[in-house]
S.K.: 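Sharing a structure here in structure tokens format.
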Amino acid sequence: MEIIVAKDYADLSRRACRIIASDIKKKPDLVLGLATGSTPLGTYQELVRLYREEGLDFSRVVTFNLDEYCGLSKDNPQSYHYYMFENFFKHVNIKPENIHIPDGTAVDVESHCRKYDEEIARHGGIDLQLLGIGHNGHIGFNEPGDELLTVTHVTELTPDTIKANSRFFNSMDEVPKKAITMGLGTIMQAKKIVLLASGKSKAGIMAELLDENAVSTKNPASFLLLHKDVTVIIDEEAAELLKK
Ligand code: PGA
């Protein structure tokens, strides 16, 4: 695991963008796994800037998002579909047919999840997966628990996550209680993973992840310790409790 300590959020975003841009240049049909939340916003802004100023070409890039809330339609401003188009896709030359995001309104959700994994496999797997991390160690919406599922599935959000994500909604009651998420197996099969952590609120979980050398379903991100190509980009605030 490579750990890069960035000066601040802007530096973290530039560094993440540089890794993604360099991989797209090496492989123009890169299969890119994407995350939502506050943390990757700066990375998306930087990628959009590179598209505009340097012609970074997304025309052959294929994307798969980690997760989506159940029950929210694509045009709901709180959905991850909406987030992705507003913050990234509509500003670059990615082809709509190359964008994949779980559908929170799928009627046969089990079959939808199976097809999502099949589609990832059909594209040869994810080349580069971008991840954020929850305060409780979740990646995607793989929440801490007694077991973690390997495949894309429907999951119940923990009270912690509902509370953390309520900042994007009018009230806690409006936060969906379920989501579709890639499973730990799907994520771990990505050839390369970049995990971003920014701000003091992530310092505790990052110390747990990086100092303890232990894998536990109580901290889903800890499974990344078993992956052979993970880069963690952490800013100074999120790194402040690290012993190493
Ligand atoms: P955040 O969310 O980037 O908004 O902190 C991260 C996550 O919950 O995975």
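Atoms within each ligand, like the ligands themselves, are counted from 1 in listed order. Because the structure is predicted, anything quoted here is derived from the model rather than measured.
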S.K.: Is it true that Glu118 and Arg122 make a salt bridge, defined as a side-chain N closer than 4.0 Å to a carboxylate O?
M.R.: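 No, this pair does not count.
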
S.K.: Strictly under 6.0 Å, is that where the ring centroids of Phe58 and Phe88 end up?
M.R.: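 Yes - the distance between ring centres of Phe58 and Phe88 falls below the 6.0 Å cut-off.
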
S.K.: Applying a heavy-atom distance cut-off of 4.0 Å, which protein residues contact ligand 1?
M.R.: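 Close residues (ligand 1, cut-off 4.0 Å): Gly37, Ser38, Thr39, Gly132, Ile133, Gly134, His138, Arg167, Lys202.
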
S.K.: Scan for salt bridge (charged side-chain N to carboxylate O under 4.0 Å, His left out) pairs involving residues 157-172, sequence neighbours excluded, and state none if there are none.
M.R.: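 Every candidate salt bridge (charged side-chain N to carboxylate O under 4.0 Å, His left out) pair involving residues 157-172 fails, so no pair, neighbours aside, qualifies.
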
S.K.: Can you name the side chain to side chain donor-acceptor pair (under 3.5 Å) partners of His123, sequence neighbours left out?
M.R.: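 Side chain to side chain donor-acceptor pair (under 3.5 Å) check on His123 returns nothing, list empty.
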
S.K.: Sequence neighbours left out, what pairs pass side-chain hydrogen bond (donor to acceptor under 3.5 Å, both in side chains) with at least one residue falling in residues 46-55?
M.R.: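 Only Glu46-Arg49, Arg49-Glu53 qualify under side-chain hydrogen bond (donor to acceptor under 3.5 Å, both in side chains).
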
S.K.: Please find out if less than 6.0 Å separates the ring center of Tyr69 from that of Phe141.
M.R.: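 Yes; Phe141 has its ring centre under 6.0 Å from that of Tyr69.
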
